[in-house]
Amino acid sequence: MNLVTMIELPNLGDDRGGLAVIESGLSIPFDIKRTYYIYDTKEGVSRGYHAHRALKQAVFCISGSCDILLDDGLGEKIVRLKSPLEGVFVRPFVWHEMHNFSDNCVLLVLASDYYDESDYIRNYEEFKGLI
Ligand code: T46
């Protein structure tokens with residue numbers, strides 16, 4: 001399975017400005033149950049450092065930019081998210097870390113399920129053992 005699956009959104013904007021639409025199950029490959037956003041990140045801070053057992057997520061940087069590292073236990077890739085029209089699909093059992101947040105970064109995350117701490121694998125050695 002591909003480690004990196006990008007999600008491209010059409011720009012429905014016009015001379016008034018940009019407009020991007022995300023429709024559950026259409027623009028992204030799952031039904032959305034939860035949405036959250038990460039904003040006002042502090043300089044030099046990294047986040048993530050976990051994988052999910054079942055959760056599917058789509059991550060869009062709707063303002064600014066940041067790097068997301070994806071690791072499926074066999075290899076890793078770093079994707080620079082820098083456009084509100086381009087997101088990345090994070091499937092279950094992919095370790096992910098977010099680094100190099102720009103000042104104005106807002107990371108929008110669409111998730112396939114409600115928050116459940118028991119779905120997180122927060123220890124890298126445990127993650128490697130499960131792969
Ligand atoms: C992910 C990346 C991209 C909740 O109570 N409900 C929620 O829906 C979320 C997302 C978090 N929380 C709590 C859990 C922690 O006590 O908020 C606290 C901070 O969460 P965490 O340290 O997991 O944040 P990140 O930025 O490391 O990870 C988040 C998501 O948690 C995670 O699922 O994939 O963004």
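One-based numbering along the sequence shown. Counting starts at 1 for both ligands and their atoms, following the listed order.
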- [ ] Determine if the distance from atom 20 (O) of ligand 1 to the closest protein heavy atom is below 4.0 Å.
- [x] no
Task: For R47, atoms of ligand 1 separated by under 4.0 Å from a heavy atom - done: 24 (O), 25 (P), 26 (O), 27 (O)
TODO: State whether the number of non-hydrogen atoms from other residues, nucleotides or ligands found under 6.0 Å of Y39 atom OH is greater than 12.
DONE: no
TODO: Give the residue, atom name and distance (to 0.1 Å) of the protein heavy atom nearest atom 31 (O) of ligand 1.
DONE: Y120 OH, 2.6 Å
Open item on the list: I need the nearest protein heavy-atom contact for atom 32 (C) of ligand 1: residue, atom name and distance, please.
Closed with: H50 NE2, 3.0 Å
Task: Taking atom 33 (O) of ligand 1 as the reference point, the nearest protein heavy atom with its distance - done: H52 NE2, 2.7 Å
- [ ] Report yes or no: do S65 and R80 form a side-chain donor-acceptor pair below 3.5 Å?
- [x] yes
Task: Over 12 foreign heavy atoms within 6.0 Å of CG, D14 - done: yes
Task: Heavy-atom neighbours of E43 CD exceed 12 at 6.0 Å - done: no
Open item on the list: Does ligand 1 come near enough to Y115 that some N or O of the ligand is less than 3.5 Å from an N or O of the residue?
Closed with: no
- [ ] Return yes when V59 approaches ligand 1 closer than 4.0 angstrom through a heavy atom, no otherwise.
- [x] no
- [ ] Ignoring hydrogens and angles, tell me if any N or O in the side chain of H96 forms a donor-acceptor pair with the backbone of V94 under 3.5 Å.
- [x] yes
Open item on the list: Does any N or O of ligand 1 fall below 3.5 Å from an N or O anywhere on Y36, backbone included?
Closed with: yes
- [ ] Please tell me if the side chains of R34 and I32 come closer than 4.5 Å, counting only heavy atoms from C-beta onward.
- [x] no
Open item on the list: I'd like to know if atom 28 (O) of ligand 1 has any protein heavy atom within a distance of less than 4.0 Å.
Closed with: yes
TODO: Please round to the nearest 0.5 Å and tell me the distance separating atom CG of L81 and atom SG of C66.
DONE: 5.0 Å
Open item on the list: If we count only non-hydrogen protein atoms and require a distance under 4.0 Å, does atom 35 (O) of ligand 1 qualify as touching the protein?
Closed with: yes
Open item on the list: Among all protein heavy atoms in this structure, tell me which lies nearest to atom 8 (O) of ligand 1, with the distance rounded to 0.1 Å.
Closed with: R34 NH1, 2.5 Å
Open item on the list: Under a 4.0 angstrom heavy-atom cut-off, which atoms of ligand 1 come close to Q57?
Closed with: 1 (C), 33 (O), 34 (O)
TODO: Heavy-atom contacts with M98 under 4.0 Å: which atoms of ligand 1 show up? List them by number with element.
DONE: 2 (C), 3 (C), 26 (O), 35 (O)
Open item on the list: I'd like to know whether ligand 1 has Y49 as a neighbour, heavy-atom separation below 4.0 Å.
Closed with: no
TODO: Could you pull out all residues at least two apart from R122 that satisfy side chain to side chain contact (heavy atoms under 4.5 Å, CB included)?
DONE: H50, E117, Y120
- [ ] Starting at CG of L107, measure out to OH of Y36 and round the result to the nearest 0.5 Å.
- [x] 8.0 Å
Task: Per-residue contact class, R122 against ligand 1 - non-hydrogen pairs under 4.0 Å - done: side chain
Task: Distance filter under 4.0 Å to I38 heavy atoms, resulting ligand 1 atoms - done: 26 (O), 35 (O)
- [ ] Kindly indicate, with the supporting measurements, whether the criterion salt bridge (charged side-chain N to carboxylate O under 4.0 Å, His left out) is fulfilled by K33 and D113.
- [x] CA-CA 5 Å; K33 273 198 182 166; D113 215 337; 3.5 Å; yes
Open item on the list: Restricting to side chain to side chain contact (heavy atoms under 4.5 Å, CB included), what partner residues turn up for I78, sequence neighbours left out?
Closed with: D67, L69
Task: Under 3.5 Å: N/O of G48 near N/O of ligand 1 - done: yes
